Undergrad: 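Quick one: the structure is below, questions incoming.
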Amino acid sequence: MGVDVGGSTSCGRLTSWVRAGGPTVEGLELGANSEGFTENLRAACDTAWARPFTAAAALHFPPYLSSSSLAIFPPHFPGQLFLCEEEEVSLMAPQAMTEYERRRLENIRRNTEIVASLKRRADELAATVKAAKAKAPRRPPAKAPEQAPIVLRRSLRARGIPPGPSRHPSEAPTPISPPANPAKMKGPIRMDEAFVGVSPLDRHLVGAISGMAENATLHPRKKGEGGGSGSWDPASELTLVPENVKRFLPARILSVRFFPFEGRTVVAAGDKLGHLGFWDADFRGSEGDGTYVYAPHLAPISGISIQPFSMSKILTCSYDGFIRLMDVEEETFNMLYSTDDSIYSISQPPNDAKSIYFGEGPGELKVWDERAGEVSNTWVLHDQRINTVDFNTVNTNLMATSSTDGVACIWDLRKISAKKPERLKMVQHRRAIHSAYFSPSGSSLATTGVDDRVGILSGPDFNSVIMINHYNRTGRWLSSFSAIWGWDDTYLFMGNMKRAVDIISTVDKTTSSLESLLMTAIPCRFAAHPYKVGLLAGATAGGQVYMWRRS
DNA sequence: GCACGGGTTACCAAG
DNA sequence: CTTGGTCCACCCGTGC
C-alpha cells in the first residue's frame with residue numbers, strides 16, 4: 001500500500017521512497033546539460049507540472065534531498081514524484097508504509113470524518129444561536145500556497161555541511177530555480193501545516209492545552225510543594241501499566257517534558273527527526289489515541305521549555321539552529337531565532353517570562369530577549385557544546401551549565417565580570433557531562449557524565465561534592481543518560497542499560513531499580529511532573545514514552 | 001594540537 | 001529467532 005500524494009494538496013507521510021527507474025516524460029527532455037536541465041524544469045513548473053505541497057511535507061522527504069533538489073509531483077504519474085538532483089533525475093515511488101504510518105493515516109482518515117460531522121453540528125448550532133457573538137476572531141486562514149515551482153531547499157547546515165562557498169557549480173551563483181518560499185522554513189509554520197497528517201485532527205489537543213492554560217491559576221505551585229518523596233519509597237510504589245506505555249514518535253527521543261497542568265496529564269517529546277509529539281494521557285475519546293505529532297524542525301529537537309505562566313506556548317530548540325515558539329492560541333510554530341550553528345539546550349529563568357537562555361555551537365550561551373526581539377547577551381562559557389542550562393528555582397540568579405568539555409558550572413547572573421557571569425562553582429568530570437540540574441530545594445546540583453559517574457554538589461556554596469558510580473555508556477543509538485531530580489532532594493532518577501529506571505537515594509547513596517516487562521526499550525531521557533508527585537515519564541530511542549505513576 | 005576514521009552501543013522491521 | 005540498517009555521540013588511536 002502506498003502513500004497517496006495525488007489528488008489533494010494534503011501532505012501524506014512520505015518517508016520512504018525507492019528509485020523506480022529513469023524518467024521518460026512526454027514533451028520534456030531532461031538532459032545532462034545543466035543549463036538546459038534547469039530551463040526545462042522551470043518550463044515544467046510553469047506549465048502546471050508542479051503540484052503544490054507544503055513545507056511540512058518537505059520535512060518528510062528522505063535525507064538525500066539536497067539544497068539543489070527539486071521535487072515535482074507529475075500529474076501523469078499519481079503517487080510518484082520526480083526527484084531532480086544536480087544533473088540527475090529519478091522517478092521515485094513510495095515504499096510500503098510502516099505500521100506506524102499506516103496506523104496514523106488510518107486514525108487520521110477516521111478522525112477527519114468525525115471532525116467533519118462535528119463541524120456540521122457546530123455550524124447548525126451556530127446558526128440557531130445567531131445572537132451569540134463569535135469568540136475572539138480566529139487567525140484568518142493563511143494565504144493559499146503560492147503556485148510557484150516546488151523547491152525543496154535544505155540548508156547546508158541541515159545536511160551537516162558548514163555554510164560557505166558552494167563547491168557545486170550548479171548550486172552557486174544562481175539558484176537552480178526561484179525559491180518557492182524560502183521564508184516558509186525560516187519564518188512561522190502553521191500548526192496544520194506541521195501536523196503529521198491532515199488537519200484539523202489536532203483539535204482535541206488545541207482544545208486541551210488552551211483549556212488548561214486558560215483555567216490555570218495565576219499562581220502555580222512551586223515544584224516540591226505538597227509533599228516530596230521523602231515519606232514514600234519510589235522504588236516500591238511507582239508502577240507501570242499498559243495504558244501508560246505509548247509510542248507516538250518515529251525516532252529517538254531527545255527531550256521530554258510534562259505540561260505544568262494540574263488537571264490534565266500531557267507530555268511533550270521531541271525526536272531526532274525534528275518531530276514534536278504530544279501525548280494527552282487523559283484523552284478519553286473514541287477517535288484517535290490522544291497522541292499528536294508535528295514536524296516543526298529539520299533536525300533533532302534538543303530542548304523543550306514550557307513555562308507555568310504561559311502554558312499554551314511551547315519553546316523548542318533544535319540542531320537545525322532554530323528556536324521555535326509553538327503558540328497553541330495562534331496555532332503556529334513561530335520562529336524566534338535562527339543561526340547556522342546547532343542549538344543544544346534551552347531554558348528560561350523561573351521569574352522572567354521574556355528571557356530565553358540557550359546553548360549554541362561549540363560553547364556559547366546566548367540570551368534571547370523576547371521583548372526586544374534580539375540576542376541581549378552572548379557569553380562563551382565552555383570549550384565545547386553546552387548540553388544543559390538550568391536555573392535555581394530558589395535563588396533565580398544562579399544558573400548551571402553542563403558541557404561536553406567535561407565541566408559543569410554554577411554561574412551568578414548578578415555578577416558580571418570580564419563580560420561573563422561570575423563562576424561560583426565548577427565541577428570537573430573525566431569526560432563529557434550531559435546534564436547539571438538543581439534540586440527542587442535549590443540546594444544541590446546533580447551532574448551526569450559519560451565517565452560513568454553522577455556527581456552531587458551540596459552544602460553551603462555547593463562545596464561538598466560526591467561522585468556515585470553509574471554505567472553511562474549509551475553508545476550512538478541511545479540518547480545519553482542524565483539524572484533528574486524527583487519531587488524533593490532525596491532521589492534522582494535516570495536510565496539504566498538493563499532496561500530499568502535507576503533511583504539513586506541522595507541520603508544513603510544507594511541505587512535501586514524499577515523494572516517492568518512493559519519497558520521493552522531503555523528509557524534514556526526523563527521528566528518528573530512539576531506538581532504531581534510520583535508521575536515520571538521515561539523516553540526511549542524507539543519513540544516510546546513510559547509513564548510511571550505512584551500506585 | 002589537529003583531523004580523521006574505526007569501534008561501540010540498542011532498537012526495530014523484515015525475513 | 002536472526003539479520004540488517006540505522007548513522008553524526010563519543011572515545012581513542014594513528015599520522016601529520
Side-chain angles (χ1 to χ4, degrees), chain A residues 1 13 15-18 62-66 94-104 154-163 245-255 269-275 297-303 318-321 340-345 359 361-363 382-388 402-408 428-435 447-453 470-482 494-501 515 517-525 538-546:
Chain A
M1 179 180 180
R13 198 182 138 72
T15 47
S16 318
W17 293 78
V18 289
Y64 45 73
L65 286 187
S66 67
Q95 260 180 347
M97 278 186 290
T98 64
E99 176 62 19
Y100 171 84
E101 293 160 346
R102 195 196 56 74
R103 203 161 46 84
R104 183 159 291 283
R154 287 204 146 202
S155 70
L156 291 170
R157 180 195 56 251
R159 294 150 57 203
I161 302 165
V245 175
K246 195 76 86 177
R247 167 175 283 123
F248 56 97
L249 284 167
R252 196 180 97 214
I253 294 173
L254 284 88
S255 45
D271 83 358
K272 194 191 64 176
L273 299 174
H275 296 115
H297 288 283
L298 296 159
I301 295 181
S302 45
S318 164
Y319 289 14
D320 67 10
D340 285 341
D341 282 318
S342 287
I343 300 173
Y344 296 105
S345 45
H382 288 275
D383 294 333
Q384 291 177 62
R385 50 187 268 189
I386 296 174
N387 293 308
T388 58
S402 66
S403 168
T404 297
D405 67 10
V407 172
Q428 179 92 43
H429 278 247
R430 289 191 272 261
R431 307 231 188 286
I433 305 184
H434 270 285
S435 67
T447 59
T448 307
V450 300
D451 61 350
D452 293 340
R453 298 190 304 169
H470 188 275
Y471 187 85
N472 290 337
R473 273 170 275 169
T474 48
R476 176 156 64 147
W477 313 119
L478 300 191
S479 298
S480 55
F481 289 159
S482 43
M494 66 187 304
N496 179 302
M497 289 300 269
K498 292 179 309 196
R499 292 190 187 143
V501 181
E515 287 174 47
L517 290 173
L518 296 169
M519 282 208 301
T520 54
I522 295 168
C524 305
R525 296 286 164 97
T540 75
Q544 282 172 302
V545 171
Y546 307 117

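Only a predicted model underlies this, so the values are computations on that prediction, with no experimental measurement involved. Order of the sequence lines sets the chain letters (A, B, ...), proteins ahead of strands, with each chain counted from 1.
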Undergrad: Any luck finding a side-chain donor-acceptor pair between A:S402 and A:S435 under 3.5 Å?
TA: no
Undergrad: On DNA chain C, check which nucleotide each of A:A432 and A:R252 is closest to and give me the residue with the more 5' one.
TA: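 Looking at DNA chain C, the more 5' nearest nucleotide goes with A:R252.
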Undergrad: Mind checking the C1' distance from C:dC12 to B:dT9? Whole angstroms is fine.
TA: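 These two C1' atoms come out 16 Å apart once rounded.
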Undergrad: C:dC10 C1' sits how many Å from A:N387 CG, rounded?
TA: 11 Å
Undergrad: Whole-Å distance between C:dC10 C1' and A:I433 CD1?
TA: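 Rounding to the nearest Å, CD1 of A:I433 and C1' of C:dC10 are 14 Å apart.
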Undergrad: Rounding to a whole Å, what distance do you find between A:Q544:CD and B:dA10:P?
TA: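 Spelled out: CD on A:Q544 to P on B:dA10 is 16 Å.
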Undergrad: Verify the contact: side-chain N or O of A:K272 to OP1 or OP2 of C:dC7, cut-off strictly under 4.0 Å; return yes or no.
TA: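 Affirmative; the distance criterion is met.
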Undergrad: Mind checking the P distance from B:dA14 to C:dC7? Whole angstroms is fine.
TA: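 It comes out at 16 Å once rounded to the nearest Å.
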Undergrad: Scan side-chain atoms only and decide if A:T404 and A:N387 contain a donor-acceptor pair under the 3.5 Å cut-off.
TA: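 A:T404 vs A:N387: donor-acceptor pair found between side chains.
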Undergrad: Indicate whether OP1 or OP2 belonging to C:dC10 is found under 4.0 Å from a side-chain N or O atom of A:H434.
TA: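 Looking at the OP1 and OP2 atoms of C:dC10, one of them is under 4.0 Å from a side-chain N or O of A:H434.
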Undergrad: To the nearest Å, give me how far apart CZ (A:F481) and C1' (C:dC10) are.
TA: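 It works out to 15 Å between those atoms.
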Undergrad: Could you state the CZ-P distance from A:R473 to C:dC11, rounded to the nearest angstrom?
TA: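 Atom CZ in A:R473 sits about 11 Å away from atom P in C:dC11.
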Undergrad: Decide yes or no, distance alone: a donor-acceptor N/O pair under 3.5 angstrom between the base of B:dT8 and the side-chain of A:R476.
TA: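 Per atom types, the contact qualifies.
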Undergrad: According to the 5.5 Å centroid and 30° plane-angle thresholds, does A:W477 stack upon the nucleobase of C:dC7?
TA: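 Check failed, A:W477 does not stack on base of C:dC7.
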Undergrad: Identify the residue among A:S479, A:S318, A:S480 that makes a side-chain contact (heavy atoms from CB on, under 4.5 Å) with A:L254.
TA: A:S479
Undergrad: Given atom CD of A:Q384 and atom P of B:dC2, what is their separation to the nearest angstrom?
TA: 11 Å
Undergrad: How about A:T448 and A:H470: do any of their side-chain heavy atoms sit closer than 4.5 Å?
TA: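 No. Closest side-chain heavy atoms not under 4.5 Å.
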Undergrad: Rounded to the nearest angstrom, tell me the gap between atom CE in A:M497 and atom C1' in C:dA9.
TA: 13 Å
Undergrad: What does A:R385 touch in the nucleic acid at a heavy-atom separation under 4.0 angstrom: a base, only the sugar-phosphate, or nothing?
TA: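 Contact class for A:R385: sugar-phosphate only.
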Undergrad: Which part of the nucleic acid, if any, lies within reach of A:S480 when heavy atoms closer than 4.0 Å are counted: base, sugar-phosphate only, or nothing?
TA: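 Nothing: the residue A:S480, judged by heavy atoms under 4.0 Å, touches no strand.
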Undergrad: Separation of A:L478 atom CG from B:dC11 atom C1', in whole Å?
TA: 8 Å
Undergrad: Please state whether the phosphate of C:dA9, meaning OP1 or OP2, lies under 4.0 angstrom from any side-chain nitrogen or oxygen of A:R431.
TA: no
Undergrad: Verify the contact: side-chain N or O of A:T520 to OP1 or OP2 of B:dC11, cut-off strictly under 4.0 Å; return yes or no.
TA: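 No.
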Undergrad: Does some side-chain heavy atom of A:V501 sit less than 4.5 Å from a side-chain heavy atom of A:M519?
TA: yes
